[in-house]
Amino acid sequence: MSVNAQVHFSKNENNKKSDKTLKPLFPKQAECSYVSCYCEENVWKLCSDVSIRIPIELDRCFVVFISNPCRTVPLWKQRAGREDDRLVIWDYHVIFLYSVDCKTCLVYDLDSELPFPTFFHKYVTETFRTDQVLKSDFHRFFRVVPAKQFIQHFASDRRHMKRPDGSWIKPPPPYPAICTSTSTHNLDEYINMDSDSGPGDVFNLTDFVQRFYKIEK
């Protein structure tokens, strides 16, 4: 990362406490529900799993939608990336955050090559790098939604994954589409990065980092 990057981490901030003291929120990554190109549903399943197994932890969990008005967000270290740095440009992406305590935040990204989970500071450094060297069309914005709210209100009929002729761009998950008593599809409300509408709160990269980066003292 450049010394001029928006996000700076000092050397001693990389010396995080051993994750041996952290209880795993999820089983092994391979045991989690996962369908390629359905990141929002993969994360919904993570939220649902926490709500069933360890509901006391749900208030510490957050869902983060990453996108921008152009729907062109570069992310590094993604399994779908083809170059050495595993860069991919998504229209949007979704990750799961677990704010363990006042000093620790973990990121669970089922599409990342980074460990599952990864400490927040490492994930940000490796995955987002900086907006400072990118054209404005590629700047990342983050809609942060409490996990409890997400599993109660999110709905998707998967229309965004269908071609005009009705065929699937990518095969859908084997379970029924996620819906609520009031909606069958509201995905765009989460992808939209207008801070004046939609669930949760919207941040730019700098403010997102300030919101969740916990420095161990």
Side-chain angles (χ1 to χ4, degrees), residues 1-2 5-47 49-50 57 60-68 72-101 103-134 138-145 147 203 205-206 208-216:
M1 176 180 286
S2 165
Q6 287 182 333
V7 184
H8 300 275
F9 301 108
S10 61
K11 293 181 181 179
N12 63 339
E13 288 169 359
N14 286 319
N15 298 324
K16 284 290 198 176
K17 64 184 177 182
S18 171
D19 58 4
K20 292 180 181 179
T21 63
L22 299 176
K23 295 181 180 179
L25 194 61
F26 300 107
K28 295 179 180 179
Q29 181 173 352
E31 298 176 13
C32 294
S33 176
Y34 177 81
V35 178
S36 177
C37 297
Y38 290 84
C39 54
E40 66 280 358
E41 295 198 33
N42 296 332
V43 170
W44 189 94
K45 283 288 191 179
L46 293 179
C47 295
D49 183 50
V50 173
E57 296 298 318
R60 299 180 182 179
C61 301
F62 299 86
V63 175
V64 181
F65 277 75
I66 307 156
S67 191
N68 62 30
T72 50
V73 288
L75 304 180
W76 283 263
K77 299 297 182 180
Q78 293 286 291
R79 289 160 56 185
R82 296 182 179 179
E83 303 298 331
D84 290 342
D85 56 8
R86 311 300 282 180
L87 170 64
V88 66
I89 298 178
W90 295 117
D91 51 349
Y92 69 96
H93 189 47
V94 189
I95 59 177
F96 181 102
L97 294 190
Y98 177 38
S99 187
V100 182
D101 54 35
K103 296 181 180 179
T104 308
C105 184
L106 301 175
V107 180
Y108 291 84
D109 182 355
L110 288 162
D111 291 289
S112 177
E113 287 197 329
L114 296 173
F116 185 84
T118 296
F119 282 112
F120 182 83
H121 78 289
K122 179 175 177 59
Y123 184 87
V124 168
T125 305
E126 297 282 341
T127 305
F128 304 131
R129 300 190 178 184
T130 176
D131 277 346
Q132 200 168 52
V133 297
L134 300 176
F138 297 100
H139 287 186
R140 282 70 52 94
F141 291 87
F142 305 81
R143 182 176 293 279
V144 178
V145 183
F203 302 89
L205 178 57
T206 300
F208 174 65
V209 171
Q210 291 176 349
R211 168 66 178 82
F212 286 102
Y213 182 47
K214 318 291 180 73
I215 301 176
E216 188 177 57

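Residues C105 and F212 come closest through the heavy atom pair CB-O, 3.6 Å. When every heavy atom of V50 is checked against every heavy atom of C61, the shortest pair comes out as CG1-SG, 4.3 Å.
Using a 4.5 Å heavy-atom cutoff, the side chains of L25 and P117 are not in contact. Counting heavy atoms from C-beta on, the side chains of T127 and R140 never come closer than 4.5 Å. L114 has its side chain out of reach of D109: every pair of non-hydrogen atoms, C-beta onward, lies at least 4.5 Å apart. At least one side-chain heavy atom of L205 sits less than 4.5 Å from a side-chain heavy atom of F142. For the pair I66/F141, no side-chain contact is recorded, criterion being any heavy-atom separation below 4.5 Å from C-beta on. Using a 4.5 Å heavy-atom cutoff, the side chains of N42 and C32 are not in contact. For the pair R60/Y98, a side-chain contact is recorded, criterion being any heavy-atom separation below 4.5 Å from C-beta on.
Taking the ring-ring contact (aromatic ring centres under 6.0 Å, His included) definition, one finds that F96 meets it with F26, Y108, sequence neighbours left out. Considering only residues two or more places apart in sequence or on other chains, D91 meets the side-chain hydrogen bond (donor to acceptor under 3.5 Å, both in side chains) condition with none of them. With sequence neighbours left out, the side-chain hydrogen bond (donor to acceptor under 3.5 Å, both in side chains) criterion links N68 to no other residue.
In this structure, F208 and F128 have perpendicular ring planes: the angle between them is above 60°, well past the 30° mark. Between W90 and H93, the ring planes lie parallel to each other; the angle is under 30°, not in the 30° to 60° tilted range.
Ion pairing between K28 and E31 fails under the 4.0 Å rule for side-chain N and carboxylate O.
Between L110 atom CG and L46 atom CG the span is 5.0 Å, to the nearest 0.5 Å.
Geometrically, R211 engages F62 in a cation-pi contact, judged by NZ or CZ lying under 6.0 Å from the ring centre and within 45° of the ring axis. Figure legend: cation-pi geometry between R79 and Y34, with NZ or CZ positioned under 6.0 Å from the six-membered ring centre and within 45° of its axis.
At distances below 3.5 Å, at least one donor-acceptor pair connects side-chain atoms of H139 with backbone N or O atoms of L134.
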